[in-house]
Amino acid sequence: MTIAQIKVGYDNFSYLLSCEKQRKAAIVDPGYDAKKLLMFISQKNLTLEYLILTHYHHDHSSGCKMIKDLIPSVKIVASEKDGKHLGVLLDVVVSDNSQLKLGTMTLDFLLTPGHTAGGICVVVDNEALLTGDTLFIGDCGRTDLPGGNTEQMFRSLHEKLMNLPDHLIVYPGHDYGDVPFDTLGHQKVTNKTLAVKNLKEFSLIP
Ligand SMILES: [Fe+2]
């Protein structure tokens, strides 16, 4: 399996997941430069099976409709709550413990509200963790936008992501850190939003 981290727009990351064995691909968060993402897929002679939206915000999802119009067989994947804001119909609704196969790859989904009400993270083949705007390198996503909630974010980070294995590579939705990706184990001790001990400390992070 291959995960390509592709910088799009100003500081967004889109991701291209590909299973070389069965020539299948998924795009995660096609916010900007959707044509660039499709070029990668056609150059590698892959079939696009899924469009996965970690959350509904425009900078992560605006390429969705154009791709669906060009490739109607692609399945759009998001949570029920964020799917309502996408402006396109979902083909697959995911929640905690949902699992999809992409060729020989396994995608496990976690519902991680806090930045939006229906934000999700995706574990890829027990190797990578795509975190959208839930977790960045060194920080977490904003909770002051519509649908955001500080307590929910704390619970998503500390009751879900902190329980995942240290070896996972965190691939965030924006290039906000000093590195573009990192191990979850390193983030657990260096990321200020994961290093706090309780909700009170979390709420006081500037
Ligand atoms: Fe966002």
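Numbering of ligands and ligand atoms starts at 1, following listing order.
Residue pairs satisfying the salt bridge (charged side-chain N to carboxylate O under 4.0 Å, His left out) criterion with at least one member in residues 63-81, sequence neighbours excluded, are listed as follows: Lys65-Asp69, Lys68-Asp91. Pairs of residues two or more places apart, or lying in two chains, that qualify as salt bridge (charged side-chain N to carboxylate O under 4.0 Å, His left out) and include a residue from residues 130-159 are Asp139-Lys192, Arg142-Asp144, Arg155-Glu159.
Only protein N, O or S atoms were scored, and 4 of them lie under 2.8 Å from the Fe ion (ligand 1).
Screening Thr193, Asp166, Asp182 against Gln187 for a side chain to side chain donor-acceptor pair (under 3.5 Å) leaves a single residue, Asp182.
In this pair, Tyr15 and Phe13 present their aromatic rings tilted. The plane angle is within the 30 to 60° band.
A distance-only check finds a donor-acceptor pair linking the side chain of Ser14 to the backbone of Asp29 [under 3.5 Å].
Ser203 meets the side-chain hydrogen bond (donor to acceptor under 3.5 Å, both in side chains) test with no other residue; sequence neighbours excluded.
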